[in-house]
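Here the structure comes first, spelled out in structure tokens, and everything after it is commentary.
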Amino acid sequence: MQTQRFYTLTASCPDRVGIVARVSNFIAEHGGWILETNLHAEHESRRYFMRIEVKADSLPFLLAEFRERFAPLAREFGMEWKITDSAVKKRVVLMVSKQEHCLYDLLARWQSKELDIEIPCVISNHDTFRGFVEWHGIPFHHVPVTAENKTAAYAEVRRIVDDVRGDCVVLARYMQILSPELCAAYPGRIINIHHSFLPSFVGAKPYHQAFARGVKLIGATCHYVTEELDQGPIIDQDVIRVDHSDGVEDMVRYGKDIEKAVLARGLRYHLEDRVLVHGNKTIVFR
């Protein structure tokens, strides 16, 4: 990870000869100093993906002018692209229900600067963690969700996220299904975590079901949220092995540990613009 200020250019486009040459030449023509480059050609879709970090003070202009100058080249290659500034901290809204492990872990990483972000607020459908969140100096919003008020509740969630200028939303074990309207409002900006037992073991006690079936692997998936439940583009996954000597309580504890790690890692990849999405396929430059 770079400690100096840099710009991150990410792009994807139909694959063809000369993409890297033209982009790197554009940067070089303006004195740009490339710090890191990640490239990938997806052969089945014939699509090309790139991520380039450029030393910010090596360029003679700021991002607004970069975007203006780069736009004609991007149009020529049919690129989906963006460029971001490492000096601008991302504003991450956390949402949680009544399970604390992911919330506690993310706040600890934020407090230690491992996650160098701003957390403008935490939103919950329960009031359980208000004291803990406010002790950290973070505003807490209690937005109850019932079968009768879901439309109004998620309209309020959207109002809060927009008011605090949230760049992305992390569901830190938020145990409600978001409305299609909320998912559509923030495409590629809502991140979720779920255990690996889906779709085999659904319901309130998946670890008990997995234990009864003698499952030998516990895992977690970090993904973007779409209208299709738990089917969004995958950002990161991991597993750990268990055996017959592990009880249900052990499996639950292992599951929480791996959920925390995978969610934090997936969020970091997103914040560092290491995730490129095309359709439902993700390219993650680690």
Side-chain angles (χ1 to χ4, degrees), residues 91-107 110 119-134 136 138-210 219-237 252 255-256 258-260 262-264 266-267 270 280:
R91 297 174 60 82
V92 180
V93 174
L94 304 182
M95 296 184 68
V96 65
S97 290
K98 297 178 75 173
Q99 296 185 40
E100 75 286 346
H101 57 287
C102 288
L103 173 68
Y104 284 17
D105 182 72
L106 291 175
L107 290 184
W110 162 76
I119 302 178
C121 70
V122 172
I123 303 172
S124 179
N125 56 321
H126 297 279
D127 213 34
T128 309
F129 300 118
R130 176 183 296 276
F132 178 75
V133 170
E134 291 180 345
H136 284 79
I138 299 171
F140 182 90
H141 298 276
H142 179 209
V143 183
V145 179
T146 66
E148 293 74 25
N149 80 338
K150 279 193 173 183
T151 299
Y154 288 127
E156 174 65 6
V157 168
R158 183 174 179 181
R159 184 196 66 78
I160 293 169
V161 173
D162 289 344
D163 281 355
V164 301
R165 295 175 289 109
D167 293 304
C168 74
V169 177
V170 175
L171 307 186
R173 301 303 288 157
Y174 182 75
M175 307 305 289
Q176 292 286 329
I177 299 174
L178 301 186
S179 67
E181 293 78 13
L182 193 60
C183 295
Y186 307 112
R189 294 169 56 193
I190 306 177
I191 297 172
N192 193 19
I193 187 77
H194 71 254
H195 58 73
S196 64
F197 300 139
L198 298 174
S200 299
F201 307 127
V202 298
K205 293 187 175 182
Y207 286 93
H208 291 73
Q209 299 175 59
T221 295
C222 178
H223 62 95
Y224 290 114
V225 174
T226 62
E227 293 183 30
E228 193 175 0
L229 181 63
D230 292 329
Q231 297 297 311
I234 293 170
I235 304 171
D236 195 47
Q237 294 176 301
V252 170
K256 288 182 177 181
I258 200 164
E259 285 177 3
K260 291 187 294 186
V262 172
L263 181 58
L267 175 57
H270 172 81
N280 208 41

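- Gln176 is not listed as a side-chain neighbour of Met95, based on a closest heavy-atom distance of 4.5 Å or more.
- Tested against Asn125, the residues Thr146, Val143, Val145 include a single side-chain contact (heavy atoms from CB on, under 4.5 Å) partner, Val145.
- Looking at heavy atoms from C-beta onward, Val133 lies out of side-chain contact with Leu94 at the 4.5 angstrom threshold.
- In terms of the ring-ring contact (aromatic ring centres under 6.0 Å, His included) criterion, residue partners of Tyr224 (sequence neighbours excluded) are, by chain and number, His270.
- Here the NE2-CZ distance, from His136 to Phe129, works out to 12.5 Å after rounding to the nearest 0.5 Å.
- Between the OG1 atom of Thr151 and the CD atom of Glu156 there is a distance of 13.5 Å, given to the nearest 0.5 Å.
- Closest heavy-atom contact between Pro120 and Pro139: O-CD, 3.3 Å.
- In terms of heavy atoms, Leu263 sits closest to Leu171 at CD2-O, 4.4 Å.
- Under the 3.5 Å distance criterion, the side-chain polar atoms of Arg165 are left unmatched by any main-chain donor or acceptor of Arg91.
- Looking at Arg189, its side chain does come within 3.5 Å of a backbone N or O of Asp167 through a donor-acceptor pair.
- Between the Asp127 side chain and the His142 main chain, no donor and acceptor come within less than 3.5 Å of each other.
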Item to complete: Quick one: do Tyr186 and Asp162 satisfy side chain to side chain contact (heavy atoms under 4.5 Å, CB included)? Show the steps, please.
Response: CA-CA 10 Å; Tyr186 307 112; Asp162 289 344; 2.8 Å; yes

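- Note that CZ of Arg158 is 12.5 Å distant from CG of Leu178, once rounded to the nearest 0.5 Å.
- Thr128 places none of its side-chain heavy atoms less than 4.5 Å from the side chain of Val96.
- The two residues Gln231 and Thr226 make their nearest non-hydrogen contact at C-OG1, 4.2 Å.
- When side chains are defined from C-beta on, Met175 does not count as touching Lys98, because their heavy atoms never get closer than 4.5 Å.
- The shortest distance between side-chain heavy atoms of Leu182 and Val225 does not fall below 4.5 Å.
- The two residues Asp236 and Val262 make their nearest non-hydrogen contact at O-CG1, 3.6 Å.
- Rounded to the nearest 0.5 angstrom, His194 NE2 and Arg173 CZ are separated by 9.5 Å.
- Once rounded to the nearest 0.5 Å, the distance linking CG of Asn149 with OH of Tyr154 reads 9.0 Å.
- With rounding to the nearest 0.5 Å, the separation of OH in Tyr104 from CD in Gln99 is 12.0 Å.
- When all heavy atoms of Ile138 and Cys121 are compared, the pair lying nearest together is CG2-CA, 3.7 Å.
- Val92 has its side chain out of reach of Trp110: every pair of non-hydrogen atoms, C-beta onward, lies at least 4.5 Å apart.
- The shortest side-chain heavy-atom distance between Glu100 and Phe132 does not fall under the 4.5 Å cut-off.
- Scanning all heavy atoms of the two residues, the minimum distance from Ala172 to Cys102 falls at CB-CB, 3.9 Å.
- Exactly one residue among Ile191, Val170, Leu267 makes a side-chain contact (heavy atoms from CB on, under 4.5 Å) with Cys222. That residue is Ile191.
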